[in-house]
A.B. asks: 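Please see the structure below; I have some questions.
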Amino acid sequence: RKEVEQDPGPFNVPEGATVAFNCTYSNSASQSFFWYRQDCRKEPKLLMSVYSSGNEDGRFTAQLNRASQYISLLIRDSKLSDSATYLCVVKGANFGNEKLTFGTGTRLTIIP
Amino acid sequence: DTAVSQTPKYLVTQMGNDKSIKCEQNLGHDTMYWYKQDSKKFLKIMFSYNNKELIINETVPNRFSPKSPDKAHLNLHINSLELGDSAVYFCASSQRPGSPFFGQGTRLTVV
């Protein structure tokens, strides 16, 4: 099983719709989780951290399910500018283990 | 002001050459990283330094040698370049144990 697994998509979604992605991880001791977005030919940028209780930032909601070892990202009222690749990131279990493992990304295209 | 800056942005070179990529961060972070993103867009960590000390050294060929002269700089030197080294190399920094902030990337093409 891959350390971090995502559906590569592509997800083609009409503007204004709601879309959700999941990401599964294999190490049950993982402590930190993030969603990054990467535009074509650009660097990854932090979208949001994922907290145990779930968290929201505007139209974006991130959730963590430790029992099933997955995190999710929900985008409401999607905009054309949301078109990007969304990368799930999982961080090692120990303070001394700074290794972040990236998923291969889910490609999202918002259609006008 | 650019927070994490890498030079050069593009690098085209012949097989067998030696090249270096430089990275500097002005965020005051204590940890810096090199990541490689291959043609399939898979992003994988290569090295990480914390306060000039190597803390992550993934399985990469020893032709790749990082150097951190101070905690604001992390350079990557590559010897005897091969076709398979073609990729985008991202430098990043973070304040331990936070999430990394990435530079704009160096697109390396080996011909």
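In this text, all values refer to a predicted model and were calculated from it rather than measured experimentally. What you see below is based on every heavy atom in this structure, not just the backbone, and it leaves out hydrogens, waters and symmetry mates. Reminder, nothing fancy here: chain letters follow the sequence lines and each chain counts from 1.
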A.B. asks: Keeping the roles fixed (side chain from K44(B), backbone from T101(A)), state whether a donor-acceptor pair exists under 3.5 Å.
C.D. replies: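 Absent.
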A.B. asks: Under 6.0 Å from the CD atom of Q63(A), do we count more than 12 heavy atoms belonging to anything else shown?
C.D. replies: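 No, not enclosed.
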A.B. asks: Between Q104(B) and E43(A), what is the shortest heavy-atom contact and its length?
C.D. replies: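 For Q104(B) versus E43(A), the nearest heavy atoms are CA-OE1, 3.8 Å.
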A.B. asks: Would you say E3(A) has more than 12 foreign heavy atoms packed within less than 6.0 Å of its CD?
C.D. replies: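 Atom CD in E3(A) is not crowded, with 12 or fewer foreign heavy atoms closer than 6.0 Å.
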A.B. asks: Can L11(B) be reached from F64(B) by stepping across I, L, V, M, F, W or Y side chains whose heavy atoms are under 4.5 Å apart?
C.D. replies: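 Yes, because F64(B) and L11(B) connect within a single hydrophobic cluster, where side-chain heavy atoms sit under 4.5 Å apart.
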A.B. asks: Give a yes or no on whether M46(B) and M32(B) share a hydrophobic cluster (residues Ile, Leu, Val, Met, Phe, Trp, Tyr; joining criterion: side-chain heavy atoms under 4.5 Å apart).
C.D. replies: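 Yes, M46(B) and M32(B) fall within the same hydrophobic cluster.
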A.B. asks: Does any non-hydrogen side-chain atom of S99(B) lie less than 4.5 Å from one of Y36(A)?
C.D. replies: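 Touching, per the 4.5 Å side-chain cut-off.
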A.B. asks: Can you get from L46(A) to F102(B) by hopping between Ile, Leu, Val, Met, Phe, Trp and Tyr side chains that sit under 4.5 Å apart?
C.D. replies: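 Hydrophobic grouping puts L46(A) with F102(B).
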A.B. asks: Are any non-hydrogen side-chain atoms of R107(B) and R41(A) less than 4.5 angstrom apart?
C.D. replies: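 In short, these two side chains touch, coming nearer than 4.5 Å.
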A.B. asks: Could you tell me which non-hydrogen atom of F90(B) sits nearest to which non-hydrogen atom of K42(A), and how far apart they are?
C.D. replies: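 Heavy atoms only, the tightest pair is CZ-O, 3.8 Å.
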A.B. asks: Please report the interatomic distance OH(Y33(B)) to CG(L100(A)), rounded to the nearest 0.5 Å.
C.D. replies: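 Going from the OH atom of Y33(B) to the CG atom of L100(A) covers 6.0 Å.
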A.B. asks: With hydrophobic residues grouped by side-chain heavy-atom distances under 4.5 Å, do Y89(B) and L43(B) end up in a single group?
C.D. replies: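 No; tracing contacts between hydrophobic side chains, which count when under 4.5 Å, never links both residues.
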A.B. asks: Quick one: are the ring centres of F102(A) and F42(B) less than 6.0 Å apart?
C.D. replies: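 Ring centroids of F102(A) and F42(B) are no less than 6.0 Å from each other.
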A.B. asks: Are the side chains of K41(B) and R107(A) in touch, meaning some heavy atoms are under 4.5 Å apart?
C.D. replies: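 With C-beta onward as the side chain, the pair stays apart.
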